[in-house]
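To start, the structure itself, in structure tokens.
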Amino acid sequence: MVGRDAALRELREAWARVKRTGRPVPAIITGLPGTGKSTLAAVAAPTGTIMGRARLHTPAPYDWLASALTGHDLSGLDLPRDALRWLVQDPDVPRERYTPDALLRIAVAAVRAVVAGRPRALVVEDLHALDPASLNLVAELATADLPALLLVTSRPPDAAVSPLLTARTLACLSGVPGAVRHHLGALDAAQVKSVLDHVYADSTLTADLAASVWRRTGGNPYRLTELIAVEGATGPSGLAPCPAPALTAREREVLGLLAEGMSNKQIARALGIAVRTVTVHVSNLLRKTGATSRTEAALKAART
């Protein structure tokens with residue numbers, strides 16, 4: 001939670017407000033992939049949370065509700081059975097015969113029945129990937145008479161399945177009096193060093209190493225976690241960038257001609273050497289630069 005302390009504190013205060021007032025409080029966490037939206041929501045969510053998420057790649061009506069109600073006993077709810085079965089995406093239920101407005105009212109009633117008047121957190125993971133019916137339901141829940149913390153995570157609307165409706169839903173949630181909204185960005189260099197100091201508490205990390213890790217990850221918490229798990233598994237020394245292997249004078253010449261788009265035969269003619277020798281040089285270049293193709297090696301040459 002480095003760099004997310006203020007957001008976590010405000011989310012916990014919002015939950016305390018729900019318990020105190022019995023009124024809904026929307027809490028919206030937005031950010032690009034890997035910025036820690038789900039992690040923050042998981043830490044902030046209290047015990048007894050009702051969580052639902054989008055069905056990736058193939059969204060269907062009321063995905064959030066179907067996910068959120070999984071595992072709950074719905075047999076005692078005083079709601080139309082066929083409508084409820086349709087809302088939870090029972091594959092054997094006949095095609096729905098209710099109007100969209102009627103289904104929305106039944107969906108809100110189902111959530112209300114499961115909440116049962118007790119303060120609960122309703123977590124909406126990946127709002128940007130939800131279907132239009134789910135988005136309408138989430139907006140409706142934000143103003144329903146429920147003692148609920150409506151905790152929503154989302155990427156920016158331009159990355160959404162329904163960009164305009166997602167933007168409208170986020171605006172609706174943010175416009176509720178007392179709503180909490182946080183946009184998570186990348187960690188700065190000092191915050192990355194704080195994470196590294198915590199992970200490697202028994203080691204002394206230099207500012208240069210921390211700055212190098214920050215540049216490599218862009219301060220993205222997910223990429224930082226992956227780097228620590230893979231390259232830093234045996235200690236902070238594994239996070240240091242490996243120095244590039246030295247190239248011979250001839251290899252630098254070959255690399256320069258690769259960057260100009262020459263074939264092996266053209267390089268051989270330009271340097272007055274055999275094509276087979278060029279092939280060996282190219283193979284060595286791929287190994288030393290870590291490139292997977294001559295095109296990638298040429299691109300690296302152009303950058304450096």
Side-chain angles (χ1 to χ4, degrees), residues 1 3-32 35-54 62 64-65 68-69 100-101 103-160 162-185:
M1 289 293 100
R4 311 298 189 229
D5 310 65
L8 180 59
R9 184 166 54 251
E10 194 167 358
L11 291 173
R12 286 176 171 164
E13 289 171 357
W15 171 238
R17 194 166 5 123
V18 169
K19 291 192 294 183
R20 186 173 64 252
T21 65
R23 299 291 301 165
V25 176
I28 307 99
I29 306 169
T30 56
L32 294 174
T35 49
K37 302 182 294 296
S38 296
T39 301
L40 177 58
V43 173
T47 304
T49 291
I50 299 171
M51 177 179 290
R53 53 171 44 90
Y62 289 103
W64 180 81
L65 184 65
L69 296 185
D101 286 346
L103 284 171
L104 180 59
R105 287 195 299 271
I106 294 169
V108 172
V111 175
R112 189 189 307 279
V114 172
V115 170
R118 303 186 304 274
R120 303 290 286 269
L122 304 176
V123 176
V124 182
E125 278 272 15
D126 296 332
L127 180 88
H128 60 275
L130 283 175
D131 59 281
S134 291
L135 292 174
N136 288 333
L137 173 59
V138 171
E140 196 73 18
L141 292 175
T143 56
D145 186 17
L146 287 171
L149 175 67
L150 189 59
L151 187 51
V152 175
T153 70
S154 180
R155 294 181 190 176
D158 57 5
S162 304
L164 291 178
L165 188 52
T166 298
R168 194 180 310 150
T169 303
L170 289 172
C172 174
L173 297 174
S174 302
V176 174
V180 174
R181 181 158 187 177
H182 282 279
H183 182 78
L184 304 185

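The structure displayed is predicted, hence computed values, not measured ones.
Looking at heavy atoms from C-beta onward, P26 lies out of side-chain contact with V152 at the 4.5 angstrom threshold. Looking at heavy atoms from C-beta onward, L104 lies in side-chain contact with Y62 at the 4.5 angstrom threshold. Side-chain contact between L32 and P156: present, with at least one pair of heavy atoms (C-beta onward) separated by less than 4.5 Å.
From L141, atom CG reaches atom CG of N136 across 11.0 Å, with rounding to the nearest 0.5 Å. To the nearest 0.5 Å, the span separating CG on L164 from CG on D158 amounts to 11.0 Å. Atoms CZ and CG, from R12 and L149 in turn, are 12.0 Å apart once rounded to the nearest 0.5 Å. Rounded to the nearest 0.5 Å, atoms CG (L11) and CD1 (I29) are 5.0 Å apart. The CZ atom of R20 sits 12.5 Å away from atom CH2 of W15, with the distance rounded to the nearest 0.5 Å. The OG1 atom of T47 sits 10.5 Å away from atom CZ of R120, with the distance rounded to the nearest 0.5 Å.
Side-chain atoms of R17 come within 3.5 Å of backbone N or O of G178 as a donor-acceptor pair. Although no hydrogens or angles enter the test, the distance criterion places no donor-acceptor pair under 3.5 Å between the side chain of T30 and the main chain of R155. K37 places no side-chain N or O within 3.5 Å of a backbone atom of H183 that could act as its donor or acceptor partner. Between the side chain of R112 and the backbone N or O of L146, no donor-acceptor pair lies under 3.5 Å. The main-chain N or O of E125 is never found under 3.5 Å from a side-chain atom of W64 such that the two would form a donor-acceptor pair. Put simply, the side chain of T49 gets close to the backbone of P46: a donor and an acceptor are under 3.5 Å apart.
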| task | Give the intermediate values and the outcome of side chain to side chain contact (heavy atoms under 4.5 Å, CB included) for residues R23 and D145. | result | CA-CA 7 Å; R23 299 291 301 165; D145 186 17; 3.0 Å; yes
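Considering every non-hydrogen atom in both L135 and S162, the closest pair reads CD1-CB, 4.4 Å. Taking every heavy atom of both residues into account, G185 and R4 meet most closely at O-NH2, 2.8 Å. The shortest heavy-atom contact between S154 and T166 is OG-CG2, 4.4 Å. Nearest heavy-atom pair, D131 versus S134, reported as atom, atom and distance to 0.1 Å: OD1-OG, 2.7 Å. The two atoms that bring A68 and I50 nearest to each other are O-CG2, 3.7 Å, heavy atoms only. Taking each heavy atom of D126 and T153 in turn, the nearest pair found is N-OG1, 3.0 Å.
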